[in-house]
J.: 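What follows is a single structure, and I will ask about it in a moment.
Chain naming here is simple, since letters A, B, ... match the order of the sequence lines and numbering starts at 1 in each.
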Number of protein chains: 2
Amino acid sequence: MSLNKDGLNKKISIAVIRRLPRYYRYLADLLRMDITRISSKELSQRMGITASQIRQDLNCFGGFGQQGYGYNVELLYREIGNILGVSDRFTTIIIGAGNMGQALANYENFEKRGFTLIGIFDINPQIIGKKIRNVEIKHMNEMDDFCRDNHVDIAILTVPYQNIPEVAKKVASLGIKGLWNFSAMDLKLSYDDIIIENVHLSDSLMVLGYKLNERRKAEETKKAEEARKSEEVREAGEAKKAE
Amino acid sequence: MSLNKDGLNKKISIAVIRRLPRYYRYLADLLRMDITRISSKELSQRMGITASQIRQDLNCFGGFGQQGYGYNVELLYREIGNILGVSDRFTTIIIGAGNMGQALANYENFEKRGFTLIGIFDINPQIIGKKIRNVEIKHMNEMDDFCRDNHVDIAILTVPYQNIPEVAKKVASLGIKGLWNFSAMDLKLSYDDIIIENVHLSDSLMVLGYKLNERRKAEETKKAEEARKSEEVREAGEAKKAE
């Protein structure tokens, strides 16, 4: 739970917060298409979330929707942006410049969302000195000095699993307050003032696997049902013949 | 909503399903530590989910917990694995072998979860022929033949944003039923039988930004509160002096 201090002084659950970036993306799409208002029903169809869930989510931070009018897209977009703090700027560094680190360094989208990459660190001599979008990959042992000279809000960790505890400890000692962790290890630090988001890509893949399985099972059930029905028809036919 | 057909014939909401991989990971950790049972309270402390949420989630698919005993870790681990279908095997191909594609190709974890990478495709002549974990990067124009000769369950899309509609159409025409999409574009295909999981890395980063902001605001409020208090003390002191 978190408190939206400058707004409505109302608690917004983290589950709702986690859905906001998605609303934000959809609303941006609508604005690009010059759609200025939308009903929860239409939004529901586009997003694949129930209309009642949408109304419940958006009511959390004030009633933007008007009965029979729908939501004002731009107002809602701006308000969600405010709640998410998209106009705030954060400085980030990437620790670990393997494929994942480099892929993230290349994501222009992060910059647009207010996350500015100012440093990349690794220990591999073969890539140190290389530049990604004008940011040079530096050796890990330069990180202390770098963090003294530059304020870093977020460290993005893409180092191998086994190195995570050590690197996380280091990051904490440098006073960095946000960790975005891709190591497949759920990071828990015993530092109260560090905020961690763990990214588990395989979780999403497992959900896809689950859905594929459900689809498979549903198809098998359907086939079995059809087979049963045609068997019934056949038996009925035979019973008729026998009469 | 989806129907768990071979189990309890009970609807498990997709929101619960999305949390299951996380339970699954934590339970695996417990098993590695030889912990055989755990209360919802302990699990709650480890996972940062409320105990009542845990009880509610796990009750969805049968009562594994016993009052005063807690959950049988191994039983619960196995059952969640069954629901998620972790013993099922899926074949995957990666389309787009840039940094993100190569990072995903290198994730050994996917293999462990039942997702076997059998092909990688790109159009960049400089990387075609290169092997990642024994899988050769092939040219996109070999994809048709490849998918005729090999059954592919899931295509992982890491192609640039603008190429997504074309590539997705292609994938659909090849009869691939699952799409794991990293393009930052919410993919919606007009093919009913394709299941898509869109991954939006920046969503998670925005949640981190939100949390950092909330922390910042809380600190500012605290400071302002402290300043107000010390001001009160000072004023009280002066008032006393003036008496």
Side-chain angles (χ1 to χ4, degrees), chain A residues 2-6 14-15 17-18 20-22 24-26 29 83-86 88 90 98-100 102-107 109-110 113-115 153-154 158 177-180 184 186 188 193 195-197 199-215 217-218 221, chain B residues 2-6 14-15 17-18 20-22 24-26 29 46 83-86 88 90 98-100 102-107 109-110 113-115 153-154 158 177-180 184 186 193 195-197 199-215 217-218 221:
Chain A
S2 87
L3 207 57
N4 182 23
K5 288 234 162 45
D6 60 354
I14 195 68
I17 294 297
R18 289 200 179 280
L20 292 187
R22 210 166 145 221
Y24 193 69
R25 277 188 279 112
Y26 273 86
D29 281 347
I83 293 167
L84 288 172
V86 288
D88 298 295
F90 298 95
N99 281 314
M100 181 59 82
Q102 293 195 31
L104 295 175
N106 275 309
Y107 255 45
N109 232 356
F110 296 153
R113 296 268 187 267
F115 300 87
D153 291 308
I154 295 170
T158 62
K177 296 293 180 229
L179 286 188
W180 201 32
D186 267 315
K188 291 250 155 112
D193 57 344
I195 295 164
I196 303 169
E197 272 281 307
V199 178
H200 290 278
L201 293 175
S202 50
D203 284 9
S204 155
L205 190 54
M206 285 172 91
V207 171
L208 180 58
Y210 170 83
K211 288 180 180 171
L212 281 173
N213 260 343
E214 289 301 295
R215 173 67 51 88
K217 283 183 216 155
T221 308
Chain B
S2 85
L3 207 58
N4 183 23
K5 289 235 161 49
D6 61 353
I14 195 68
I17 294 297
R18 289 200 178 280
L20 292 188
R22 211 167 144 221
Y24 192 69
R25 277 189 278 111
Y26 273 84
D29 281 349
R46 280 178 185 270
I83 292 168
L84 288 172
V86 289
D88 298 296
F90 299 94
N99 281 314
M100 182 58 82
Q102 292 194 32
L104 295 175
N106 275 309
Y107 256 46
N109 232 355
F110 297 152
R113 294 270 187 264
F115 300 87
D153 291 308
I154 295 170
T158 63
K177 296 295 180 229
L179 286 188
W180 201 32
D186 267 315
D193 56 343
I195 295 164
I196 303 169
E197 272 282 306
V199 178
H200 289 278
L201 293 175
S202 50
D203 284 9
S204 155
L205 190 54
M206 286 173 89
V207 171
L208 181 57
Y210 170 84
K211 288 180 181 170
L212 281 172
N213 260 341
E214 290 301 294
R215 174 67 51 87
K217 283 184 216 156
T221 309

J.: Evaluate Arg113(B) against Leu205(A) for side-chain contact (heavy atoms from CB on, under 4.5 Å), listing each step before the verdict.
T.: CA-CA 9 Å; Arg113(B) 294 270 187 264; Leu205(A) 190 54; over 6 Å; no
J.: Determine whether Ile17(B) and Lys211(A) satisfy the following criterion, side-chain contact (heavy atoms from CB on, under 4.5 Å), listing intermediate values before the conclusion.
T.: CA-CA 10 Å; Ile17(B) 294 297; Lys211(A) 288 180 180 171; over 6 Å; no
J.: Which one wins on heavy-atom pair count under 4.5 Å against chain A: Tyr24(B), Phe110(B), Phe115(B)?
T.: Phe115(B)
J.: At their closest point, which heavy atom of Gly178(A) faces which heavy atom of Leu208(B), and how far apart are they?
T.: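 Reported closest heavy-atom pair: CA-CD1, 4.4 Å.
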J.: If I compare all heavy atoms of Lys177(B) with all of Leu212(A), which pair ends up nearest, and what's the gap?
T.: O-CD2, 3.6 Å
J.: Which pair of heavy atoms, one from Phe90(A) and one from Gly209(B), lies closest together, and at what distance?
T.: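 Scanning both residues completely, I find the closest heavy atoms to be CZ-O, 3.4 Å.
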J.: For Asn213(B) and Gly85(A), which heavy atoms make the closest approach, and how far apart are they?
T.: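 Taking every non-hydrogen atom into account, ND2-CA, 3.7 Å.
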J.: Show the numbers, then the answer: is there a side-chain contact (heavy atoms from CB on, under 4.5 Å) between Asp203(B) and Arg25(A)?
T.: CA-CA 9 Å; Asp203(B) 284 9; Arg25(A) 277 188 279 112; 2.6 Å; yes
J.: Should Leu201(B) and Trp180(A) count as side-chain neighbours, where that means a heavy-atom distance under 4.5 Å?
T.: yes
J.: If you compare all heavy atoms of Ser204(B) against all heavy atoms of Glu197(A), which two are closest, and at what distance to 0.1 Å?
T.: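 Reported closest heavy-atom pair: OG-OE1, 3.3 Å.
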J.: So what's closer than 4.5 Å to chain A heavy atoms on Asn106(B): side chain, backbone, both or neither?
T.: side chain
J.: Taking all non-hydrogen atoms of both residues, which atom of Arg18(B) and which atom of Val207(A) are closest, and how far apart?
T.: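 The answer is NH1-CG1, 3.6 Å.
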J.: With only heavy atoms counted, which part of Leu104(B) is less than 4.5 Å from chain A, the side chain, the backbone, both or neither?
T.: side chain
J.: What's the spacing between Met100(B) CE and Met100(A) CE if we round to 0.5 Å?
T.: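 Answer for the CE-CE pair, Met100(B) versus Met100(A), is 4.5 Å.
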